[in-house]
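Beneath this line is the structure, given in structure tokens, with notes to follow.
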Amino acid sequence: MLPDLIEGYEVVFTHALTGMALLSKEGQILKVNDALCDLWGYRQHELLSQIPFGEEWSPILDSILTAAKTMHAQEDFCELTCTYLHPSGKTMHLYMKVTFARIPTHAATCYLVQFQDVSQLLRLETKLKHKESQLYESDDVLNTLLADLPLAVIITKQGVIQDVNPAALEMIHAKSKLELIGKATQDIVDNNYHDEIMKRRARHAQGKPLGIVTYLIHCMDDTQKFVNGFTIMITYKGDRAAVSIFKDITKERIEEERLMQSEKLNTAGQLAAGIAHEIRNPLTSINGFLKLMRSNQRNKEMYFDIIESELKRIELIVGELLVLAKPQSSVRSRPLDIVPLIFQIVTLMKVQSAFKNIELEMITSSESVWIQGEANQIKQVFINLLKNGIEAMTNKGRIWIRIESSPYEVLIQVQDQGSGMTTEQLQSLGQPFYTTKETGTGLGYMITQNIVHNHNGSIHVESTPGEGTTFTVKLPLLQLED
């Protein structure tokens, strides 16, 4: 509460940001400050003469005097609000606080009235009430939509289930909402997928999109299901909540696994047929020359050489099959700078290329490009590609190894000046035991593809007969955490 005004009250009036006026008990305006003039839209002499008010001032004055009569002690004050039509035509909402004041030049007690424009606050309050009404209405609409939606919907706050729709009850085999409300999502999602839950929460905390997710869930009747869905954030009952919409994909997953198994069996059958064919040829040769050795006592040394050559061919085929069949998941990957690694490979292969007068030229604009990978496997990829390029060329020529990087991946090209391949040959490339070389097995490129794909990369081939072939390997860059 304001103290009684003393002879220095002019300072308060001059510097106050709030509109202020002194009124006699009869309602006469004794003094106003500049802030009130700005608020009311009149000059001081106009306000003091009360010329502009008329019907506008009378209701406000009556309200002030009526409220002031309720005050008895010097410490009392009263508050009231009213509307005021500004000279500009704008309707304003005013808050007024009335207190007692003594003026040295006036024996009688006066009223100090403080005015504040609260129009914006009232508009904001109205909007908030409207939003609150809309919020409750939106909750009703949301509940109606959830009830009719055929997909399972689960609403959670901080990982705890708040509500579910009938489709979710059916999917999880719950009899009522009470079985699920209050339950943590991690109690339903299989333990093997908890890391994915934590990663999604971390992405949400960083403002990153959550994307689509697949979980294995445990139903209330102890059965398991695969579900696939996405999550959006909404305001639910006044708080931020996650709305997750899921679809049961168990049947699709089983069918997918069945097809994959069928494809694996089909590929294994083709591979077995190829192995039988490839190994039968040298075995037939060995068997034939053994019979010749029994019947012919001469030239046995030549027969031994041929038999040894065929046995080495069988050893090569079996060795490459073992590499192809080796599980890549057991290999430990780590951050790897691919530029010096490829430089080492080029240096190693220059010895072999020098015998055919082939130059190896490495072109790179970066001294360092980091990926996540296993060094020996990456070496094997580019040794295979450079070896293929060298063997595809006769005498003289050049092979270029180019390294280019973008914000997300590194591109490594191996371009030779060999005989090239036709469209038909390109289409058959990568099939078991298909090769364009007389002594090849066709498994080297399969191994190369397998390694690249296990590093989340891709390999592409372009070739023109008589001009050469270009292999392009793309590998994801190592993404450093922010």
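Position 1 is the first residue of the sequence, and the numbers go up from there.
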Atom of [X], atom of [Y] and distance for their closest heavy-atom approach:
| X | Y | value |
| --- | --- | --- |
| G389 | I399 | C-CD1, 3.7 Å |
| G41 | P87 | O-CG, 3.7 Å |
| H194 | V189 | NE2-O, 3.0 Å |
| I172 | H218 | CG2-O, 4.5 Å |
| N165 | L151 | ND2-O, 2.9 Å |
| R240 | K157 | O-CG, 3.8 Å |

Notebook entry, point to check: Which of parallel (below 30°), tilted (30 to 60°) and perpendicular (above 60°) describes Y215 and Y193?
Noted result: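 Rings of Y215 and Y193: perpendicular, as their planes differ by over 60°.
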For residues 185-206, the salt bridge (Lys or Arg N to Asp or Glu O under 4.0 Å) pairs (sequence neighbours left out) are E196-R203
inquiry  = Taking the basic N atoms (NZ, or NE/NH1/NH2) and the acidic carboxylate oxygens, is any pair closer than 4.0 Å for R398 and E359?
reply    = yes
Next on the checklist: Checking the side chain of S463 only, and the main-chain atoms of G468 only, is there a donor and an acceptor separated by less than 3.5 Å?
Outcome noted: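 Checked: pair present.
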Practice item. Would you list the pairs meeting ring pair (Phe, Tyr, Trp, His ring centres under 6.0 Å) in which at least one residue belongs to residues 158-178, sequence neighbours left out? Key: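 Residue pairs with at least one partner in residues 158-178: there are none.
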Crowded around Q186 CD? As in, over 12 foreign heavy atoms under 6.0 Å? yes
Quiz item: Are more than 12 heavy atoms from other residues, nucleotides or ligands located less than 6.0 Å from atom CD of E79?
Solution: yes
Residue set satisfying side-chain hydrogen bond (donor to acceptor under 3.5 Å, both in side chains) with S419, at least two apart, ordered chain then number -> none
